[in-house]
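Here is the structure we will look at, set down as structure tokens.
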Amino acid sequence: MTNPHPLPDQPIPDRVLRALIVDDEPRYLNSTRLLIAQHFGSVDTAATGREAYRLLEHNAYDIVLLDLMLPDASGHDIMRAIRARRPDTLVIVVSGDAAIEAAIEALRAGAYDFLRKPYEAEELTKTLRNALRQLELHRDNRHFQQRLQQSEHWHRLLVNLSPDIIYTLDAAGRFTYLNESVEGLLGYCRDELLGQPWTAIVPEEDVEGARHRMDERRTGERATRNAELRFRRKSAGPEAAHAAVELSALGLYRDGPDGGAEFLGSYGVARDVSARKEAEATVRFQAYHDLLTGLPNRALFRERLSQALIQARRDGRMLAVMFLDLDRFKVVNDTLGHLVGDKLLQAVSQRVGRCLREGDTLARIGGDEFLLLLPSIRSRESAALIARKILAALDAPFHIEGHELFVTTSIGIAVHPDDGDALETLIKHADLAMYHAKDHGRDGYRFFLPDLNALMDGRLRLENDLRRALQRGEFEVYYQPQVSIADRRIVGMEALVRWHHPDKGMVLPADFIALAEDTGLIAPIGESVMQLACRQASLWQGMGLSSVSLAVNLSARQLEQPRFVEQFTATLQANRLPEGAIAIEITESTLMRDLDGAVAKLKRLCDLGVEISIDDFGTGYSSLSYLKKLPIHTIKIDRSFVHDLDSDGSTIVAGIAAMTKGLKLNLVAEGVETRAQLDYLASVGCDAYQGFLFSQPLSAAQATPLLQPQLH
Ligand code: C2E
Ligand code: MG
Ligand code: MG
């Protein structure tokens, strides 16, 4: 490829010098040719006017030695023709005519010099030398012109190829020059801006700030360097209405007549930094927002809250901070996967967002936790109103990826100034109030109360107490019979943990299992339940009550332990129990947390003869279809459905029963309290039940007599 833009220093090649001798006398023609040949690259000769015309037609000569007296033409005519066609050619007129008039006439007509025949060789050489010097001057001049043009072209190109806008203004601030970049960058034609004031491309609101930068009068160090400005685009189109530029400008001066400097105008270079600005804005957005929901993050929330606090203190107004935590969101995430969980979070944040006014800030600060700032409220009741609005907005189910999901949230509210003045305190108190709401059955809101601090201390104390309970062996296992509906025989016992707290007396699982799960203490607690249950099973076996299987509840944390199966069998062996002596109960969410891992372990247990039940069935989000792939034997229908039988929850129970039968699984009902419930369960083909109707969970000592009739 050839370079369309020659470099400025590229040499211009010298042409070969060419001469023509026109003379009708062959003697002169030849001697002259010999004399001048050394100075020229090529020498042509013509003996007639006709020939001269022909050669001149097709060639460009630097010098023509022209005899004025030709047989067939006038030398003067030929010379005129040369002057007309090639004014650069030097014509040296040669004539035998001694008359000075002829010479004068020729010179007047534009001849370079005059030689009279016969001439001496020296005369000719001298005239030629002068002519050649003249030619050289011409050539230099031509080179110089060409160089100048090239260089000018080159500089224009550099200026136009520059991605920056380059301009000059006259002393009145009007554009006198603009490079082509202005067209690509701002969409203006150069011509429409030339003669216009610089304010034509600066947004009106920026004009004051740009005044001493665009038409800069300063020079040197003090002149504008990298000042950030905005230029207006002619028509915005898909791009932003303004381009962000960095401007460097300086004043242009020349020496004035009075010796001072005369201001000519200014010169500026503006670099388009829109892309960089956009990137910076993105980074800033990411630093201050949660990418999943697009909501502000904790950092931005704190900033807004600190601003709002300053305002509220100054105006003596109230503001509210709310802490929202979705109830049981973890179940969705664990059972349906993160994709569904993420979409649910997005949908929830949109719904909550619609309950708010402009100026309120909803931030996502982690997993399923949100903070909400109401920067100005009239009373505590206004905050309560918003909380109720949010709870109501979440009432309707969410439809995500083919699942119908119900979400509730617990909301804690702290109000400035009542519940705290400092930023940290307000957030902490809203958080505490949220826990308080959770403790009161979730799906509700609670205001901060001073004694909540004590409640939190209570959680900490409870955790310590749990650790001590493990060391001191404060756990006991109670047993609740599972009864066959067909023949009223006890077919199994469920092991349920009880804690004998030194001060509080007996504590039920509801009051410590969740915390034990949170802190990981559930693993050692579960292990100790397992030990106690095995010991009891071996005692009962020793008494000949071998038909009773003992079911132990397993938490996800236990199942997740890599050597769980080995530990399980080791515990059985230590108590001399056959593998089938202990059954296990797991919930749907435990299963789904790591389905593949869980299934692999359950298969191994199943192969050993361990019975596996799905506990609290119907409260998770498991789909029925995969149940048949799982190595399970029994489904335990959750007690909430049994409870709802009294108020027409029968379709769900009947549905679960039909499905269980279809999959050839056992069906056990939990929480059966009334005869009517039992009758209904019998009618749909339920195999066994558990509940207060037959017996509460009992200590081992209380449970043993119940098993006596089973002796055979
Ligand atoms: P779960 O496995 O569904 O156990 C049945 C719960 O229903 C027991 O509560 C039991 O006392 C209660 N219940 C039984 N019959 C009736 C009835 O007729 N009406 C009513 N209203 N309730 C009845 P408990 O013992 O308080 O245990 C609660 C939950 O704590 C258990 O639910 C289980 O998920 C968990 N849990 C108990 N012990 C352990 C354990 O050792 N390890 C693990 N990981 N979880 C345990
Ligand atoms: Mg259970
Ligand atoms: Mg249950």
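Whatever order the structure lists ligands and atoms in, that order sets their numbers, starting from 1.
For residues 559-584, every residue pair satisfying the salt bridge (charged side-chain N to carboxylate O under 4.0 Å, His left out) rule, not counting sequence neighbours, is listed here: E560-R593, E566-R604.
The pair R468-E463 does not count as a salt bridge, with every side-chain nitrogen at least 4.0 angstrom from each carboxylate oxygen. Salt-bridge check for E517 with K330: failed, with every basic side-chain N at 4.0 Å or more from each acidic carboxylate O.
Across the listed options V529, D615, I513, D616, D615 owns the non-hydrogen atom lying nearest to atom 2 (O) of ligand 1. For atom 43 (C) of ligand 1, the choice among N553, I525, I586, T587 with the nearest heavy atom turns out to be N553. Proximity annotation for atom 17 (C) of ligand 1: of G671, P697, S695, G671 comes nearest, heavy atoms only. Atom 27 (O) of ligand 1 has its nearest heavy-atom neighbour, among P509, S640, A669, P481, in P509.
Contacts of K636 with ligand 1, taken as heavy-atom pairs under 4.0 Å, are absent altogether. Of the heavy atoms in E670, only side-chain atoms (C-beta onward) come closer than 4.0 Å to ligand 1.
At least one heavy atom of R498 sits closer than 4.0 Å to an atom of ligand 1. Heavy-atom distances between H643 and ligand 1 stay at or above 4.0 Å for every pair. In this structure, Q690 has no heavy atom closer than 4.0 Å to ligand 1.
Counting non-hydrogen atoms of other residues, nucleotides and ligands closer than 6.0 Å to NE2 of H338 gives a total of 12 or fewer.
Residue E494 approaches the Mg ion (ligand 2) most closely through its N/O/S atom OE2. The Mg ion (ligand 2) is closest to atom OD2 of D615 (considering only N, O or S atoms). Per residue E585, closest N, O or S atom to the Mg ion (ligand 2): atom name OE1.
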Requested in this report: Could you go through the salt bridge (Lys or Arg N to Asp or Glu O under 4.0 Å) check for D679 and R675 one step at a time?
Outcome: CA-CA 6 Å; D679 289 345; R675 190 71 230 181; 3.5 Å; yes
Query raised in the report: Are D418 and R380 close enough, and set up right, to give a salt bridge (Lys or Arg N to Asp or Glu O under 4.0 Å), and what steps lead you there?
Result: CA-CA 10 Å; D418 308 3; R380 294 172 82 86; 3.0 Å; yes
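Interface atoms of ligand 1 facing Q480, defined by a heavy-atom separation under 4.0 Å, are 14 (C), 15 (N). Residue E673 approaches ligand 1 through these ligand atoms, each under 4.0 Å from one of its heavy atoms: 17 (C), 18 (O), 19 (N), 20 (C), 21 (N). Of all the atoms in ligand 1, the ones that sit under 4.0 Å from a non-hydrogen atom of S555 are 44 (N).
Put simply, N553 gets within reach of the Mg ion (ligand 2), with an N, O or S atom under 2.8 Å from it.
Side chains of E670 and Q690: a donor-acceptor N/O pair is absent below 3.5 angstrom, by distance only. Counting only N and O atoms by type, the side chains of Q531 and E527 include a donor and acceptor under 3.5 Å apart. Defined by atom type and a distance below 3.5 Å, a donor-acceptor pair is present between the side-chain atoms of E476 and H500. Of the N and O atoms on the side chains of D616 and T587, not one donor lies less than 3.5 Å from an acceptor on the other residue.
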Donor-acceptor contacts under 3.5 Å from residues 661-668 side chains, at least two apart:
residue : atom : partner : partner atom : Å
K661    : NZ   : G685    : O            : 3.4
K661    : NZ   : D687    : OD1          : 3.4
K661    : NZ   : D687    : OD2          : 3.2

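Below 3.5 Å of separation, one finds an N or O of V497 facing an N or O of ligand 1.
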